[in-house]
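Before any comments, here is the structure.
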Amino acid sequence: MTADDQLPPAQAAEGPEPEGREQEGRAADGRAVGVGPHPRPWPEDERLDPELLAHGDRRNVEDRFRYWRRAAIVAELDSRRHDLHVAIENLEHDANIGSVVRTANAFAVGAFHIVGRRRWNRRGAMVTDRYQHEIHHPDAAHLIDWAREHGRPLVVIDLVEGALPIERTALPRDALLVVGQEGPGVSAEILAAADLVVGITQFGSTRSINVAAAAAIAMHSWILQHAEIPGGPLR
C-alpha cells in the first residue's frame with residue numbers, strides 16, 4: 001500500500017464505543033466462541049478495551065486480537081497490509097460481495113472497492129469489513145480513473161476470450177483485481193480498460209465458478225506470488 005493511495009478510514013472507525021456487542025460468535029451447536037471476561041488484574045495495555053475485558057470478547061477475530069479495541073486492530077493491520085486491492089461490481093445487490101470482503105480481510109488486502117451501488121449485502125462479510133478500508137466508485141468510469149490516477153494496473157478476473165490462465169501469469173504487485181457479478185461477469189467498460197485479463201483454469205463440466213470462489217482463488221494466487229509465507233505452523 002502506497003502513501004499516494006490516501007485510503008479512507010477503515011470501517012472500524014465508524015460507530016461509538018463500546019465495541020463489545022459487535023457480534024456474538026456462536027458455533028454450529030450453539031456454543032459461544034471466543035473468550036469470557038478477563039480475570040483481574042487486567043493487563044495494562046492501551047490497545048485493550050475495558051468493555052471487552054469486563055464482558056468477554058465473542059467477535060470474529062484471531063485469538064491474538066482478543067480484547068483489543070477495533071481501532072487498535074485496524075492500526076496493526078495497517079502496518080502490514082499488502083499492496084493488493086480488490087474491486088467488486090455491485091450492480092445487482094450480489095450476495096457474494098460479503099464473502100469477497102471476508103477473504104480480502106483474511107489476506108490483509110490493502111483496500112476493497114465497491115463499484116456501483118454504495119449499499120451492499122454485508123452479511124457474508126461477518127463484520128470483517130469493519131477492519132478494512134472501503135472505497136466506493138459510483139460507476140465503472142470512476143474506478144478506471146482512480147486506477148489510472150494511482151498507477152494501479154486493472155487486472156480483470158473473467159472467463160472471456162483471450163483471458164490468460166492465472167496459474168501461469170505474473171500478477172502485478174500493485175494490482176487492482178476486479179471481479180464482476182455472478183452470471184454476467186465484469187462489465188464491458190472495465191473489461192475494455194483492463195491492463196490484464198486472467199481466468200481460472202477449469203477441468204469439469206460447468207461453464208463458471210462462483211464469483212466469491214473465483215475472487216478467493218485470484219487473491220490467493222497473488223499471495224503465492226508476492227506475500228511472505230510463514231515457515232512454521234499457521235497457529
Side-chain angles (χ1 to χ4, degrees), residues 1 5 7-28 32-34 49 52 57-66 68-78 80-138 143 146 157 175-183 185-186 209-223 227 234:
M1 186 166 55
D5 286 338
L7 294 177
Q11 295 299 298
E14 299 180 0
E17 303 286 357
E19 305 165 346
R21 302 299 185 267
E22 175 183 300
Q23 178 176 341
E24 184 175 359
R26 290 282 174 179
V33 299
D49 178 71
L52 295 172
D57 188 352
R58 307 297 181 182
R59 299 173 300 173
N60 180 27
V61 297
E62 290 189 2
D63 288 343
R64 61 196 176 100
F65 291 134
R66 292 298 179 196
W68 282 35
R69 301 176 186 270
R70 281 186 297 180
I73 297 175
V74 171
E76 167 62 20
L77 294 178
D78 283 348
R80 54 183 177 80
R81 290 189 198 273
H82 291 123
D83 290 335
L84 177 66
H85 282 209
V86 61
I88 315 106
E89 290 196 275
N90 183 28
L91 308 178
E92 302 174 357
H93 288 305
D94 196 327
N96 290 291
I97 292 177
S99 296
V100 176
V101 172
R102 184 178 180 184
T103 303
N105 173 273
F107 293 140
V109 165
F112 70 91
H113 301 242
I114 301 296
V115 184
R117 298 176 180 178
R118 182 180 293 274
R119 297 188 64 182
W120 52 277
N121 189 332
R122 296 177 183 267
R123 175 171 294 184
M126 296 291 288
V127 198
T128 56
D129 57 298
R130 297 189 181 185
Y131 303 92
Q132 292 298 113
H133 297 284
E134 176 179 345
I135 300 174
H136 176 253
H137 306 275
L143 173 74
W146 187 97
I157 314 299
L176 173 50
L177 296 180
V178 186
V179 295
Q181 299 283 266
E182 187 76 30
V186 176
I209 60 177
N210 174 271
V211 65
I217 292 170
M219 283 185 268
H220 194 253
S221 295
W222 185 97
I223 290 292
L234 295 179

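Along the sequence shown, the residues carry numbers beginning at 1.
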Problem set entry | Interatomic spacing from CG in L176 to CG in D83 - rounded to 0.5 Å | 12.5 Å
Exercise. Counting only heavy atoms not in R64, do more than 12 sit closer than 6.0 Å to its CZ atom?
Worked result: yes
Exercise. Under 6.0 Å between ring centres, would you say that holds for F107 and H220?
Worked result: yes
Exercise. Shortest non-hydrogen contact from V86 to A104?
Worked result: CG1-CB, 4.0 Å
Exercise. Any idea which heavy atoms bring A125 and D129 closest together, and the distance?
Worked result: CB-OD1, 3.7 Å
For this session: Return the minimal non-hydrogen interatomic distance between N96 and A212, and the atom names on each side.
Result: OD1-CB, 3.8 Å
Exercise. Is R81 close to V74 at the side-chain level, that is, under 4.5 Å between some pair of heavy atoms?
Worked result: yes
For this session: Output, in order, the C-alpha distance, side-chain angles, deciding distance and verdict of side chain to side chain contact (heavy atoms under 4.5 Å, CB included) for R59 and L52.
Result: CA-CA 10 Å; R59 299 173 300 173; L52 295 172; 3.5 Å; yes
Exercise. Are any of the side-chain heavy atoms of H133 and F112 separated by less than 4.5 Å?
Worked result: no
Problem set entry | For N90, side chain to side chain donor-acceptor pair (under 3.5 Å) partners two or more places apart | none
Exercise. Is there a side-chain contact between W120 and I88 (heavy atoms, below 4.5 Å)?
Worked result: no
For this session: Working to the nearest 0.5 Å, report the span between CE of M126 and OG of S99.
Result: 10.0 Å
Problem set entry | A106: partners by side chain to side chain contact (heavy atoms under 4.5 Å, CB included), with sequence neighbours left out | none
Exercise. Can you find a heavy atom in the side chain of R117 that is under 4.5 Å from one in the side chain of E92?
Worked result: no
For this session: Please state whether the rings of H113 and H85 are parallel, tilted or perpendicular, taking 30° and 60° as the class boundaries.
Result: tilted
Seminar exercise, completed: Residues at least two apart in sequence or cross-chain that pass ring pair (Phe, Tyr, Trp, His ring centres under 6.0 Å) with H136, listed by chain then number, are none
For this session: May I ask you to check whether over 12 heavy atoms, not counting those of R80, lie within 6.0 Å of atom CZ?
Result: yes
Problem set entry | Side-chain heavy-atom pair N60, T128 within 4.5 angstrom cut-off | yes
Exercise. Between R102 and Q132, do the side chains contain an N or O donor and an N or O acceptor separated by less than 3.5 Å?
Worked result: no
For this session: Decide yes or no for I157 and L177: does some side-chain heavy atom of the first lie under 4.5 Å from some side-chain heavy atom of the second?
Result: yes
Exercise. Between G180 and V211, which heavy-atom pair has the shortest distance, and what is it?
Worked result: O-CG2, 3.1 Å
Exercise. Mind checking whether V100 and M219 have side chains closer than 4.5 Å, heavy atoms only?
Worked result: yes
Seminar exercise, completed: Nearest heavy-atom contact between V109 and L84 is CG1-O, 3.1 Å
Exercise. Which atom names give the shortest non-hydrogen contact between I73 and V61, and what distance separates them?
Worked result: CD1-CG1, 4.2 Å
Exercise. Between the main-chain N or O of L91 and the side-chain N or O of Q181, is there a donor-acceptor pair closer than 3.5 Å?
Worked result: yes
Exercise. Got a salt bridge between E76 and R69, using NZ or NE/NH1/NH2 to carboxylate O under 4.0 Å?
Worked result: no
Exercise. Do F65 and D57 come within less than 4.5 Å of each other through their side chains, counting heavy atoms only?
Worked result: no
Problem set entry | Test log, rule side-chain hydrogen bond (donor to acceptor under 3.5 Å, both in side chains), inputs E62 and W68 | CA-CA 10 Å; E62 290 189 2; W68 282 35; over 6 Å; no
